[in-house]
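For reference, the structure discussed in these notes is given below.
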Amino acid sequence: MHRRTALGGALTALATAAAGVLVAAAVSTAPAAAAAGGTGTGYLHTSGNKIVDSTGATVRLTGINWFGMETDNKTFHGLWSSNPWRSQLDTMARLGYNTLRIPYSNDALKSGATATGINDFVNPDLIGLSPLQILDKVIDYAGSKGMRVILDRHRPTSAGQSPLWYTSTVSEATWINDWKMLAQRYAGNTTVIGADLHNEPHAEGTNPAATGACWGCGDTARDWRLAAERAGNAILGVQPNWLIFVEGVSCPSGGLSNVWDNDPSNDEDCGWWGGNLSKAGQFPVRLNVANRLVYSPHEYATSVYRQAWFDDPSYPANMPAIWDKYWGYLYKQNIAPIMMGEFGTTLQDPKDKIWLQNLMAYTGTGVNGMSFTYWSWNPNSGDTGGIANDDWTTINQPKQDILTPYLIPPTGGGGTTSPSPTGTPNTSPAPTTPPPPVTGGCTAIYKQINSWAGGFQGELTVKNTGTAAVNPWSATWTWPSGVTLASGWNATVTQSGTTVTAAAPAWASSLAPGASVTVGFTANGTAATPGSVKLNGTAC
């Protein structure tokens with residue numbers, strides 16, 4: 001028995017009563033320009049416990065999950081919101097997430113698959129596209145911002161997760177062939193760096209009659225380590241440049257401990273679904289291409305399940321030893337890199353804040369720390385919530401504040417500022433001190449996103465073409481009489497008469513040379529193009 005949230009996609013876990021042992025519940029695109037800095041140059045590979053780029057420079061992936069393609073919608077959730085999909089990626093990049101982990105199900109890859117739940121007025125460029133075509137666009141845009149992408153086979157079908165990598169309706173051959181198709185589809189596109197082979201393999205059945213995913217048991221029908229080798233080597237056969245991300249299991253035996261049979265030999269120490277890599281040191285994944293293996297555990301807080309260790313008297317001092325045992329030893333012993341593929345919490349329980357703070361500290365600071373992708377951008381993850389709030393525009397600042405010291409922003413794509421974390425972009429007063437003038441010039445591009453009777457939505461992108469940073473920046477424009485501001489984001493947007501001012505938010509006050517900011521807004525009245533656009537008083 002297990003609990004599973006309808007849209008969460010993360011996992012849930014359930015402890016077996018007396019023993020405290022847990023059971024996890026829960027295209028062809030143009031190659032993107034290689035990013036420099038935050039996510040390195042060219043394809044990535046491994047060296048000991050580090051991920052390095054084509055020049056040998058160490059890269060730390062500090063990313064986020066954006067789910068939905070694994071559900072019945074077969075595409076990213078939040079495309080139904082009033083925030084355009086590009087603006088959502090803009091925010092992720094600006095906040096410091098340099099990698100996007102994208103869950104999918106094999107249903108979304110089928111010929112004739114249809115993407116649903118898209119706001120056509122906000123995202124007109126997605127009308128009529130297949131799930132794979134939408135994925136192409138997201139990958140291309142993420143790459144233009146210097147982000148990397150990891151594809152995650154999250155579920156065989158949109159109906160739900162599976163303990164094994166195959167089911168009665170989705171064979172191992174389908175699993176592998178779909179991976180080979182994706183590897184060939186994005187061959188040469190260095191934005192896409194690898195494959196997370198199967199999400200959260202886990203135990204099923206009661207020992208000794210286990211039917212779930214084991215690690216090192218030698219049964220080719222259940223041994224996840226052997227299956228990961230088969231799929232990983234098949235992928236590397238068509239795309240030798242990809243990293244192969246391998247998650248753990250829950251119970252290495254593949255079965256749930258039977259605590260009622262009074263036979264201790266049937267009881268073992270289990271972990272989160274996908275989170276137990278305790279046997280990987282003894283039974284490592286063997287790939288035909290060297291320096292491609294990354295282990296990718298999952299780790300969660302009490303909002304997913306209240307494990308026994310959360311109530312240990314020594315908590316949180318007990319946690320590093322637990323993480324060491326399940327997966328941290330692989331990093332500490334220089335066996336392989338760790339990329340924590342999922343971790344998250346609602347932060348509703350005070351223990352969860354302590355957990356998140358200590359987990360991030362455990363991963364280490366700076367470029368030499370362990371890589372990770374937070375679960376999730378989506379606010380509709382039932383047991384964790386998201387970095388985005390329910391409007392898919394503003395952010396959950398308490399979570400972001402804990403993660404920020406560990407984030408290494410992408411570089412190489414310009415970018416725009418993030419939305420106001422308070423969700424009230426129109427209430428702050430304009431600066432009382434005039435901002436400094438621009439040294440050089442600026443350009444402005446306007447795009448109308450949507451319109452309706454009595455109003456419209458638009459985006460104004462202002463670029464600093466000067467030779468010096470503008471700090472703080474402030475953009476102004478004029479509207480015809482009768483057009484009034486309704487809301488704004490990515491800046492503090494106010495209106496006085498026919499003049500609108502978009503002032504820099506405190507967390508993104510500087511606009512570097514060559515950088516741009518996209519200010520979004522809705523307005524009342526007849527749709528009108530902003531006139532007399534200026535950046536800090538300099539006409540664009």
Between the side chains of W355 and T345, is a donor N or O closer than 3.5 angstrom to an acceptor N or O? no

Exercise for review: Please confirm whether the backbone N or O of H77 pairs with a side-chain atom of W66, one donor and one acceptor, at under 3.5 Å?
Suggested key: yes

**Q.** Main-chain N/O of Y43 paired to N241 side chain as donor or acceptor, under 3.5 Å
**A.** no

dist K74:NZ -> L135:CG (nearest 0.5 Å) comes out at 15.0 Å

- Is the Y446 to W477 ring centre distance short of 6.0 Å? no

All heavy atoms of P156 vs all of H198, minimum pair found to be CD-CE1, 4.4 Å

CZ of R101 to CG of L151, rounded to nearest 0.5 Å, is 10.5 Å

Using a distance-only test with no angle check, is there a side-chain donor-acceptor pair under 3.5 angstrom linking T518 and T461? yes

| said: Does any part of the side chain of D391, heavy atoms only, come nearer than 4.5 Å to the side chain of N83, both counted from C-beta? | reply: no

Heavy atoms of G96 and T62 approach each other most closely as O-OG1, 3.3 Å

Is it true that, when you exclude K353 itself, more than 12 heavy atoms of the residues, nucleotides or ligands shown sit nearer than 6.0 Å to its NZ?
no

Query - Check: T39/N98 side-chain N/O donor and acceptor closer than 3.5 Å - result: no

Margin query: With a sphere of 6.0 Å drawn around NZ of K399, does it hold more than 12 non-hydrogen atoms of other residues, nucleotides or ligands?
Written below: yes

Contact check, side chains of W242 and I193, non-hydrogen atoms, under 4.5 Å: no

*Output field: ring centroids W179/F245 closer than 6.0 Å*: no

**Asked** Does the separation of the ring centres of Y166 and W175 fall below 6.0 angstrom?
**Response** no

Worksheet item: Got a donor-acceptor contact below 3.5 angstrom from the K145 side chain to the L89 backbone?
Response: no

Rounded to the nearest 0.5 Å, the OG1 atom of T41 sits from the CG atom of D53 at a distance of 5.0 Å

Residue pairs meeting salt bridge (Lys or Arg N to Asp or Glu O under 4.0 Å), one or both in residues 223-238, sequence neighbours left out, come to E172-R230, R225-E229, E229-R286

Closest non-hydrogen atoms of N199 and H298, given as atom of the first, atom of the second and distance, are OD1-CE1, 3.1 Å

Exam field: side chain S296 to backbone M339, donor-acceptor pair closer than 3.5 Å: yes

Kindly indicate, with the supporting measurements, whether the criterion side chain to side chain contact (heavy atoms under 4.5 Å, CB included) is fulfilled by L182 and L109. CA-CA 9 Å; L182 289 169; L109 308 183; 4.0 Å; yes

Minimum side-chain heavy-atom gap L61-T373 below 4.5 Å
no

Of E200, E70, H202, R155, the one forming a side chain to side chain donor-acceptor pair (under 3.5 Å) with Q161 is E200

query = Do the non-hydrogen side-chain atoms of L197 and W165 ever get within less than 4.5 Å of each other?
reply = no

Requested in this report: Indicate yes or no for a side-chain donor-acceptor contact from D196 to the backbone of D152 under 3.5 Å, with no hydrogens or angles considered.
Outcome: no

Problem - is_close_aromatic(W392, F76), centroid dist under 6.0 Å - result: no

Taking atom types as modelled, is there a side-chain donor on W272 or E342 under 3.5 Å from an acceptor on the other? no

Across all chains, not counting sequence neighbours, the salt bridge (Lys or Arg N to Asp or Glu O under 4.0 Å) partners of R292 are none

ask   = Under a 4.5 Å cut-off applied to non-hydrogen side-chain atoms, are F67 and H154 in contact?
value = no

Note: S158 and S105 closest approach over all heavy atoms is N-OG, 3.7 Å

Rounded to the nearest 0.5 Å, the CD1 atom of I387 sits from the OG atom of S381 at a distance of 11.5 Å

### Task
Using modelled atom types only, decide if a donor and an acceptor are shared between the side chain of N378 and the backbone of N380 within a distance under 3.5 Å.
no

Test item: side-chain donor near acceptor, Y305 and D383, under 3.5 Å = no

If you measure SG to SG, does C251 sit under 2.5 Å from C270? yes

_Quick check against the 3.5 Å criterion: does Y295 have a side-chain atom that pairs as donor or acceptor with the backbone of V285?_
yes

With no hydrogens and no angle check, is any side-chain donor or acceptor of N73 less than 3.5 Å from a backbone partner on G68?
-> no

Value for CG (N396) from CG (N389), rounded to nearest 0.5 Å, stands at 5.5 Å

Salt bridge (Lys or Arg N to Asp or Glu O under 4.0 Å) filter on D178, not counting sequence neighbours, yields none

| request: Any chance you could lay out the side chain to side chain contact (heavy atoms under 4.5 Å, CB included) test for Y186 and Q239, step after step, and finish with the verdict? | output: CA-CA 9 Å; Y186 299 113; Q239 171 50 296; over 6 Å; no

**Prompt:** Is there a donor-acceptor pair under 3.5 Å between the side chain of E204 and the backbone N or O of L164?
**Reply:** no

All heavy atoms of W215 vs all of E247, minimum pair found to be CZ3-O, 3.4 Å

Item to check | Distance-only polar pair, side chains of Y374 and Q400, donor-acceptor under 3.5 Å | outcome: no

Closest non-hydrogen contact found for D390 with P379 is OD1-CB, 3.6 Å

### Message
For a 4.5 angstrom cut-off between non-hydrogen side-chain atoms, does L95 reach L403?
### Response
no

CG (L243) and CD1 (I51) are apart, to the nearest 0.5 Å, by 6.0 Å

Check: T363/R60 side-chain N/O donor and acceptor closer than 3.5 Å: yes

Checklist entry - Can you check side chain to side chain contact (heavy atoms under 4.5 Å, CB included) on N119 and L79, steps first, answer last? => result CA-CA 6 Å; N119 186 332; L79 300 184; over 6 Å; no

State whether a side-chain donor-acceptor pair under 3.5 Å links E459 with S87. yes

Requested in this report: Answer yes or no: is there a side-chain heavy-atom contact under 4.5 Å between M370 and W327?
Outcome: yes

- Classify the side-chain pair D125/W85 by whether it contains a donor and acceptor separated by less than 3.5 Å. yes

Original post:
Is a side-chain donor or acceptor of Y406 paired with a backbone partner of S371 at a separation under 3.5 angstrom?
Top reply: no

- Hey, are Y300 and Q307 close enough side-chain-wise for a donor-acceptor pair under 3.5 Å? no

Should L287 and N233 count as side-chain neighbours, where that means a heavy-atom distance under 4.5 Å? yes

Indicate whether the side chain of R153 and that of N106 have a donor and an acceptor atom separated by less than 3.5 Å. yes

request  = Determine, stepwise, if the pair E299 / F372 fulfils side chain to side chain contact (heavy atoms under 4.5 Å, CB included).
outcome  = CA-CA 11 Å; E299 188 71 27; F372 58 83; over 6 Å; no

Charged N-O contact under 4.0 Å between D140 and K137: no

